[in-house]
Structures are given as C-alpha cells and as structure tokens.
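As structure tokens, the structure follows; a few thoughts come after it.
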Amino acid sequence: MVAQKDQIFEHVDMETSDWKPTACILCECNCGLEVQLGGEDGRRLVRLRGDKRHPISRGYACEKPHRLDHYQNANDRLTTPLRRREDGTFEAIDWDTAITEVAARLGAVKEAHGGESIFYYGGGGQGNHLPGTYATATRRALGSRYRSSALAQEKTGEFWISHRMMGSITRADFEHCDVGLFLGKNPWQSHSIPRARVTLREIARDPDRTLIVVDPRRTETAALADIHLQVVPGGDPWLMSALLAILIETDGIDHDFLAEHAREGDLDTVRQAIAAVDIADACARAGVEEALVRQTAAAIAGANAFASFEDLGVQMSPGSTLVSYLHRLLVFLTGSVGKAGTHYAPTTLADIASGAVKRNSPVMDAPLVGGLVPCNMIAEEILTDHDARYRAMIVEAANPAHSLADSQRMREALGALDTLVVIDVAMTETAKLADYVLPASSQFEKAEATFFNFEFPNNAFQLRQRLLDPVPGTLPEAEIHARICEALGAFNDDDLAPLREAAAQSMEAYGQAMMMRVLSNARLAPLAPVILYRTLPLPDEAREGAVLLGIVLKAALSGADGLAAAGFDGPPMVAAGKLFQAILENPAGVVYSKGEWKGAGPWIKTADRTLHLALPDMLEAWASTLSQEPTRDDAFPFVLSAGERRSFTANTIMRDPAWRKKDPHGTLRISPDDAQSLGVVSGDPVRVTTKRGSATVPAEVSDTMRPGHISLPNGLGLRYPDGDSMPATGVAPNELTASEDRDPFVGTPWHKHVRARLEAVAAS
Ligand SMILES: Nc1nc2c(c(=O)[nH]1)N[C@H]1C(S)=C(S)[C@@H](COP(=O)(O)OP(=O)(O)OC[C@H]3O[C@@H](n4cnc5c(=O)[nH]c(N)nc54)[C@H](O)[C@@H]3O)O[C@H]1N2
Ligand SMILES: Nc1nc2c(c(=O)[nH]1)N[C@H]1C(S)=C(S)[C@@H](COP(=O)(O)OP(=O)(O)OC[C@H]3O[C@@H](n4cnc5c(=O)[nH]c(N)nc54)[C@H](O)[C@@H]3O)O[C@H]1N2
Ligand code: SF4
Ligand SMILES: [Mo]
C-alpha cells in the first residue's frame with residue numbers, strides 16, 4: 001500500500017476484497033474509509049484507508065483515523081450496566097434491572113415534577129447521530145421538552161443570525177472559489193470542509209486564487225495563506241468593521257445583487273452604520289496593518305467567487321454573534337451567494353442546524369435557538385430553587401462534565417439532580433457522576449450515520465453498516481430506547497403486531513400500516529423511531545438504520561430540493577422508498593440530492609424572500625462595541641485559547657493517550673517573547689491560572705503565537721487506565737473556564753478568550 005502522508009488514493013475491487021466500507025468518526029467530515037479487520041479475535045481495526053467510493057471524501061483521509069482501533073478496543077469500554085451505590089461506587093447490574101429502574105426513576109420524576117423537568121443532553125458526537133433520533137421516542141414518552149448539545153456552545157449564534165438574515169444556514173464551496181476566507185478557523189487541522197488539505201493546497205498553489213486567514217496564531221492554514229491577518233485575540237469585530245468600511249469606501253459591493261435581493265432600505269441603514277467606522281482606528285484595535293486589510297478588501301471585492309467559513313476562533317470569543325452578523329454582511333454585500341465557489345444553503349436530510357427560536361428556557365428565560373438550551377446556562381438551570389428547574393437528565397454520546405464551561409460547577413449541577421442516566425461506550429467524566437450508566441455498543445458494532453450532510457451541488461449520506469458484533473453486555477442505543485419506552489408502557493406488542501404482519505406482506509403494505517396505524521395515531525406517532533426499529537425487517541448489519549425510513553419520508557414530504565434530480569422521484573412515499581433502498585444498498589455512501597447553482601433567490605427563505613441586512617439589535621451592539629475601549633486585566637495579562645484543535649485531538653472520542661503520535665502531553669503554546677520574559681524554554685513546566693482554576697503543563701515555545709496569546713489543546717485531561725492506576729494526560733480545558741463568560745445574545749462560551757496569567761514552575 002502506498003500511503004501518502006495525509007491521503008490515500010488506492011483502488012480496490014470490492015467484490016473480492018476483505019476491505020469493508022465504513023467512515024471516520026473523528027470529525028464532522030466523516031470521510032469514507034475502508035477497513036481490514038484482524039488480530040487474534042478478528043476484532044481489531046488493523047488497516048484503514050480512505051475510500052475512493054465515498055461520494056464526498058473520494059479517497060481522502062487525514063492521519064487520525066489510521067489509529068481508530070484505540071477507540072474500538074479501548075481499555076475503558078463499558079461492558080455492563082452500572083448503578084451507583086450510596087457510597088458513590090458502582091455495582092454491575094443486568095439489563096432488565098437497569099431498564100426497569102431507569103424507567104421507574106424517570107417515571108417518578110415525571111410524576112412529581114412533570115416530564116419537562118427531565119433534560120436531555122447530547123444525542124451524538126462527530127460520528128453518530130442515530131442515538132439522538134431514537135431518543136426522541138424516550139423523550140416524548142417521558143414528556144421531556146428541553147434539550148441541548150454541543151451545538152449550543154458553538155454554532156447557535158451563526159444559525160440564529162443566518163436564519164434572521166436569509167432564512168437558512170449557509171455553507172461555502174471552497175473547491176471552486178477564487179478567494180477563500182477562514183475566520184477563526186484552522187481547517188488544516190480541524191477540517192470541516194471536504195478534503196480540506198487538498199483544497200487548501202490547491203488554492204494556495206494557484207496564483208490566480210487567494211487564501212485569506214484571520215487568526216492570532218500563524219496556524220498551518222495561515223502558513224499556506226496569501227494573506228494572514230494576525231488579529232489580536234478578540235479583535236475580530238474591529239477587523240470586520242474595517243473590512244466593511246473599506247468595501248463601502250471603495251465601492252466594492254455588488255449593487256445588482258443587492259438591488260435584486262436586499263430588503264428595501266436595509267442597504268442605506270447598513271451604510272449609515274458603516275459610516276461610523278474609523279478605518280485606521282479599527283485596524284489599530286484589531287492589531288493588523290491597515291494596508292493588509294485594504295489588500296484583503298480589494299481581493300474580496302475583486303473576487304469572481306468568494307467563499308468563507310467562520311468557526312470557533314470567533315464563535316467562542318467576545319462579540320461572537322456580532323461577528324457572525326458582520327461576516328454575513330461581508331458575504332451579502334459582495335453578492336457571494338448562489339454561484340459556484342460562493343455560498344449556498346445545503347439540502348439536509350435532518351434539520352440539525354436550525355436557527356429558529358420558538359420558545360425560551362424555563363428558568364433563565366433564555367431564547368432556545370434551534371430548540372437548544374445554551375450550554376453555559378445548563379448548570380444555572382439546575383442549581384436554583386426555581387420550581388421549573390431540571391431534576392433529571394439523560395446524557396447520551398456526550399461528555400458535558402468535560403466539554404462544557406466550568407467543569408467544577410457542571411459536576412456540582414449534575415450531582416444536584418435527582419437522577420442522572422448516562423449512555424456511553426466509556427467510563428467518561430460524566431458517566432462517573434451518573435446514577436445509572438448504560439453501556440452502548442461502539443460505532444463499529446451497529447449501523448451508524450450522521451446528519452453533517454452540508455455539501456453542494458452533490459450531497460451525500462452514508463449509513464455505515466455494522467462491522468463487528470457488539471461487545472457482550474452492550475446494546476445499541478436503538479435497543480436501549482426501545483426497551484425504555486416499553487418499560488414506560490408507551491407501546492406494547494399489540495401495537496406492533498399489525499406492522500409486523502404488513503411487513504411480512506410487502507414494503508407497500510408496511511408503509512401503509514405505518515401511515516395509518518402509527519403516524520396518524522397521537523399516542524404512537526412520537527414513538528415512530530423505536531416502532532420502526534422494532535418492526536422493519538432489516539439485515540442485522542443495517543438494523544439501527546430503521547429510523548431513516550421516517551427521516552427520508554419527512555425529507556421527501558417537505559419537498560427537499562434535489563432529491564428528484566438524484567433519482568429519488570415520484571410521490572413522497574415512492575421517493576422515500578427509493579432513497580431508503582439506495583441508502584441500504586450503498587454502504588459506502590450515496591448521493592441523495594443534486595443541485596444547480598441558480599442564484600441566491602431559491603435559498604432566501606425569510607418571510608418576504610429578501611435578505612435582511614439591517615438587524616436592529618446587531619446594529620446597536622455594533623455601535624456600542626465600536627465605542628468601547630479595549631478591556632485589560634493586569635491580574636490576567638494573557639489570553640488563553642482553551643481547546644485548540646491539533647493533529648492528534650478529537651474532542652473526547654479518543655480516550656487512550658497512546659493514540660497520540662504527536663504532542664503526547666498537550667503542551668501550552670506560547671510566543672518566544674513571552675517565554676523569554678518568563679524564563680522558560682520548550683518542555684519547561686508552567687502554571688496557568690484563570691479566575692476559575694489553575695493547572696501545570698509543559699510549555700511549547702512557538703513562533704506561530706502572537707505575544708500575549710497562549711493556547712491549550714482540546715479534549716485532554718482525561719483519565720485512562722494504565723495498569724492499576726488512572727493517570728490523567730494533559731489539562732482539561734474547562735477546569736479553567738467560567739460559565740458566565742458568554743455571548744449576551746445566545747449564551748455561547750468564550751473558550752478561545754480566557755483571561756489567564758502564567759508562572760514558571762521550578763522543574764522538580
Ligand atoms: N483535529 C481535530 N479536528 C477537529 C476536532 C478536534 O477535536 N480535533 N473537533 C471538531 C469540532 S467539534 C469543531 S467544532 C471544529 C473546530 O474547528 P476550529 O474552529 O478550526 O478549531 P480551533 O482550533 O478550536 O479554533 C480555530 C482557531 O481559532 C483561533 N482563534 C483563537 N482566538 C481567536 C480570535 O480571537 N480571533 C480569531 N479570528 N481566531 C481566533 C485559534 O488560534 C485557532 O487556530 O473542529 C473539528 N475538527
Ligand atoms: N474549553 C473548550 N471546551 C470545548 C471546546 C473548546 O474548543 N474549548 N469545544 C467544544 C466543541 S466545539 C464540542 S463539539 C464539544 C464536544 O464535546 P461533547 O459534545 O461532550 O462530545 P465528545 O467529547 O465528542 O464526546 C463524545 C462522547 O460520545 C461517546 N461515544 C463514542 N461513541 C459512542 C457511541 O457509539 N454511543 C454512545 N452513546 N456514546 C459514544 C464518547 O465516549 C464520548 O463520551 O466540546 C466543546 N468543549
Ligand atoms: S478526522 Fe475528519 S478529516 Fe480526518 S479522516 Fe476523519 S473525518 Fe476525515
Ligand atoms: Mo464542535
């Protein structure tokens with residue numbers, strides 16, 4: 001096998017091959033992989049490589065999935081349900097006991113305080129979104145109304161702004177852009193766009209294309225860029241202001257596009273707001289040369305196709321929602337929607353990226369973007385004597401005791417619940433606090449999929465099939481939720497019998513029975529996911545895909561664009577049947593939607609079908625930000641980015657530190673100037689202190705860092721068994737963060753902007 005450093009293009013004849021199709025579970029790209037199983041028991045993922053047949057990744061894979069066996073065969077896999085004893089230790093219990101007691105405990109909470117006091121967190125990580133779909137049945141059976149997930153500490157600001165301005169989210173086509181901008185994003189390491197390194201290299205190499213990166217660190221992506229705006233941490237609102245002001249000053253906006261699509265009067269309102277920007281002052285505050293900002297504005301204004309992507313560097317920094325707004329102004333003012341190489345609204349199968357606000361949270365009255373409670377408020381919604389507080393929680397495929405701000409407070413909140421149920425594959429930081437831990441089969445021991453399907457013009461979905469039998473003692477989430485719903489008495493065999501009979505006749509009969517007996521029955525409709533799972537006859541290796549029949553039907557009924565063009569045509573039932581069949585028949589992924597670039601019009605889904613450029617609350621926040629003096633805190637002179645994506649980080653999916661081929665301890669990156677003032681060299685221990693906590697970590701002196709800026713990696717500080725001990729590797733970033741440091745609009749955290757101080761520690 002000839003393996004290049006970060007991608008493998010090799011053809012394989014599936015008919016005769018022992019390479020099996022699957023996908024990478026370590027980031028949202030979910031690149032298609034092929035795997036060879038081996039080892040003494042045949043259960044090791046011995047060789048992995050990119051799968052050329054995957055419609056989006058087309059053979060691409062980075063360095064991380066080659067070591068996925070550290071996930072599948074980790075030493076801390078759970079193999080039996082656990083119940084907490086009075087003294088805080090756990091005892092193993094059988095599944096029947098576990099399900100009966102979990103249903104009884106949650107049922108009692110519902111009885112005493114109402115089902116809405118049962119909170120649901122998670123539902124899926126980077127590689128597994130089916131648990132969350134089955135959990136909707138359990139939630140409905142319990143009457144649970146409030147939920148959240150990691151999206152409510154990163155993307156809700158962007159979704160909310162996009163929804164208000166355009167009525168839909170946007171993504172960008174970097175493959176065909178001639179000017180590409182990454183704002184607080186390091187795709188070389190974090191990916192999020194297909195085949196990231198290939199695409200980045202192509203843009204960088206081509207003299208006619210321009211790669212622009214806004215980042216305080218000279219990241220791997222910034223090092224490739226034509227223009228690197230090395231902004232001061234938190235300086236983005238000023239930088240974006242300057243860019244917009246230069247665009248207006250130089251008349252770099254797309255008048256035709258705006259005349260056609262912008263709401264009447266909005267452009268004038270926005271122009272007035274921009275007129276208040278003092279360009280030189282804004283550049284100075286952002287810490288970037290005005291000449292470079294002018295060069296950037298000229299490149300963007302002159303682009304045939306401008307693509308851009310904002311991520312955690314701005315979404316987890318002060319002014320995050322404002323920056324999401326200013327970023328969209330840049331996209332819309334330059335008319336960068338609706339042509340190849342610009343922005344588009346993806347056709348998704350399941351709506352995981354909604355920006356709509358339909359109600360507020362019960363205690364803090366916070367607006368719930370996409371129905372999600374802001375993560376930084378969850379502890380506050382528990383640690384109160386408010387009647388409507390959350391009393392119980394189900395956490396599934398997430399690790400909030402580690403991943404949410406202020407771990408100390410999060411532990412306190414989880415401890416204050418009447419009942420905490422955790423569904424996971426490993427004994428995580430959150431599982432350790434649970435009353436019941438339910439062990440899930442791994443993502444290679446069941447059928448799995450994600451709804452991170454955001455591509456255009458061809459959009460693909462992959463139902464990965466089961467590669468291995470479940471480890472004894474574990475169950476797929478579909479089975480866990482079906483059993484909980486049964487134990488709650490939500491449905492019984494009599495409800496299922498007609499569906500089973502219909503299934504024995506034909507798919508048509510089954511579809512009819514589903515429509516007549518389940519979807520039009522108020523009691524059973526909410527349980528459709530687990531009823532599908534219990535009754536749809538599927539081969540073992542695809543069994544957990546049952547819920548997708550409901551999901552594709554919903555997509556077909558809502559008239560999702562592009563399904564017919566991809567061959568899934570006919571009335572909704574027929575189209576859905578064809579698509580479901582295709583999903584089962586193409587375990588390496590299938591194109592479910594094909595589109596064409598037709599201008600911005602079809603994607604503008606606001607009520608009046610215009611782009612809303614002037615959002616009064618954002619204009620107000622902008623004006624007040626521009627008039628603010630930069631804040632300083634001499635007690636905490638550094639800005640810590642707590643949770644950087646590096647070569648071997650993958651949230652907390654990979655717990656085994658032996659996985660990491662680079663940076664084994666998770667260093668603190670610091671600029672040469674700061675290291676010199678502190679008197680430290682690479683490898684020396686330093687103590688980093690914030691208002692919430694303190695940790696000691698080896699320094700890595702790096703000329704990629706701006707003075708005053710330091711960073712720690714994401715996903716470290718996990719304890720993992722090593723013989724009889726459970727040592728921790730690296731620093732858990734959220735021991736250092738505070739939940740009140742969050743965006744005023746949507747409550748997203750400022751994890752990339754944590755005030756800190758540093759001291760050298762004498763090596764012992
Ligand atoms: N290797 C790896 N890849 C991953 C993940 C992983 O854990 N490991 N996680 C996945 C997930 S869940 C996500 S959400 C994405 C996140 O992907 P990214 O957002 O790219 O990840 P980060 O490294 O957290 O932050 C990006 C950059 O923001 C910069 N930054 C810090 N402060 C500021 C600022 O004030 N302004 C600007 N403009 N930039 C700033 C940092 O220097 C950093 O380079 O990555 C995904 N991909
Ligand atoms: N300070 C700081 N905090 C951050 C960030 C940061 O940059 N800085 N980044 C944030 C971001 S963007 C994200 S997305 C979150 C991620 O944080 P979380 O949403 O908490 O998710 P993960 O760390 O990915 O944890 C996934 C969990 O799923 C479990 N798991 C794996 N496979 C299965 C399975 O098949 N079934 C079940 N039931 N469980 C399984 C894993 O063991 C793990 O416990 O972290 C956030 N926290
Ligand atoms: S980590 Fe992300 S980019 Fe790398 S192979 Fe996995 S899915 Fe693809
Ligand atoms: Mo994320």
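Indexing begins at 1, ligand by ligand and atom by atom, following the structure's order.
- Here's the thing with Glu396: none of its N/O atoms is less than 3.5 angstrom from an N/O atom of ligand 2.
- Distance from atom 5 (C) of ligand 2 to its nearest protein heavy atom, with residue and atom name: Asn714 OD1, 3.9 Å.
- Here's the thing with Leu312: none of its N/O atoms is less than 3.5 angstrom from an N/O atom of ligand 2.
- Using a 4.0 Å cutoff on heavy atoms, Glu448 does not count as a contact of ligand 2.
- Each of the following atoms of ligand 3 lies closer than 4.0 Å to a heavy atom of Asn30: 7 (S).
- Aromatic ring centres of His481 and Tyr533: separated by at least 6.0 Å.
- Nearest to atom 38 (N) of ligand 2 among the protein's heavy atoms is Glu477 OE2, 2.8 Å.
- Looking from atom 10 (C) of ligand 2 to the surrounding protein, the closest heavy atom is Gln153 OE1, 3.0 Å.
- Any N or O atom pair closer than 3.5 Å counts here, and Gln126 shares no such pair with ligand 2.
- For the pair Asn186 and ligand 1, the shortest N or O to N or O distance falls below 3.5 Å.
- Proximity of the aromatic rings of His70 and Tyr720 is defined here by a centroid distance below 6.0 angstrom, and this criterion is not met.
- In this structure, His191 falls outside the shell of residues with a heavy atom less than 4.0 angstrom from ligand 1.
- For atom 4 (C) of ligand 2, the closest non-hydrogen atom on the protein side is Ser403 O, 3.5 Å.
- Closest protein heavy atom to atom 24 (O) of ligand 2: Asn651 CB, 3.3 Å.
- Of all atoms in ligand 2, numbered sequentially from 1 with element shown, those under 4.0 Å from a heavy atom of Ser441 are 35 (O).
- Taking 4.5 Å as the limit, every side-chain heavy atom of Thr737 sits out of range of all side-chain heavy atoms of Arg409.
- The part of Glu154 lying near ligand 2 is the side chain, judged by heavy-atom distances below 4.0 Å.
- Contact analysis leaves His402 out of contact with ligand 2, as no non-hydrogen atom separation drops below 4.0 angstrom.
- Contact between Pro749 and ligand 2 is absent, with no heavy atom of the residue lying under 4.0 Å from the ligand.
- Residue Pro216 holds the heavy atom nearest to atom 40 (C) of ligand 1 of all those in Pro216, Cys27, Ala222.
- Ligand 2 lies out of reach of Glu644, whose nearest heavy atom is not under 4.0 Å from it.
- Among the candidates Glu477, Glu544, Glu541, the single residue satisfying the salt bridge (Lys or Arg N to Asp or Glu O under 4.0 Å) test with Lys446 is Glu477.
- Within the 2.8 Å limit, Cys24 places at least one N, O or S atom next to atom 6 (Fe) of ligand 3.
- Atoms of ligand 3 lying under 4.0 Å from at least one heavy atom of His191, given by number and element, are 3 (S).
- Among all protein heavy atoms, the one lying closest to atom 3 (N) of ligand 2 is Asn734 ND2, 3.0 Å.
- Nearest to atom 1 (S) of ligand 3 among the protein's heavy atoms is Lys64 CE, 3.4 Å.
- Only the side chain of Ala440 comes within 4.0 Å of ligand 2, counting heavy atoms alone; its backbone N, CA, C and O stay farther away.
- When non-hydrogen atoms are compared, ligand 2 lies under 4.0 Å from neither the backbone nor the side chain of Arg655.
- When hydrogens are left out, the protein atom nearest atom 22 (P) of ligand 2 is Thr652 OG1, 3.6 Å; that is the closest non-hydrogen contact.
- Checked against a 3.5 angstrom limit, the closest N/O atoms of Gln189 and ligand 1 fall inside it.
- Residue contacts with ligand 2 include Ala150, since one or more of its heavy atoms lies under 4.0 Å from the ligand.
- Heavy atoms of Ala405 found under 4.0 angstrom from ligand 2: none, in either backbone or side chain.
- Between Arg645 and ligand 2, an N or O atom pair is found at a separation short of 3.5 Å.
- Residue-level proximity to ligand 2 for Thr428 is carried by the side chain, the only part with a heavy atom below 4.0 angstrom.
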Intermediate values then yes/no, ring pair (Phe, Tyr, Trp, His ring centres under 6.0 Å), His327 and Phe309: CA-CA 9 Å; His327 174 203; Phe309 196 125; 8.7 Å; no
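- Residue contacts with ligand 2 do not include Pro131, since none of its heavy atoms lies under 4.0 Å from the ligand.
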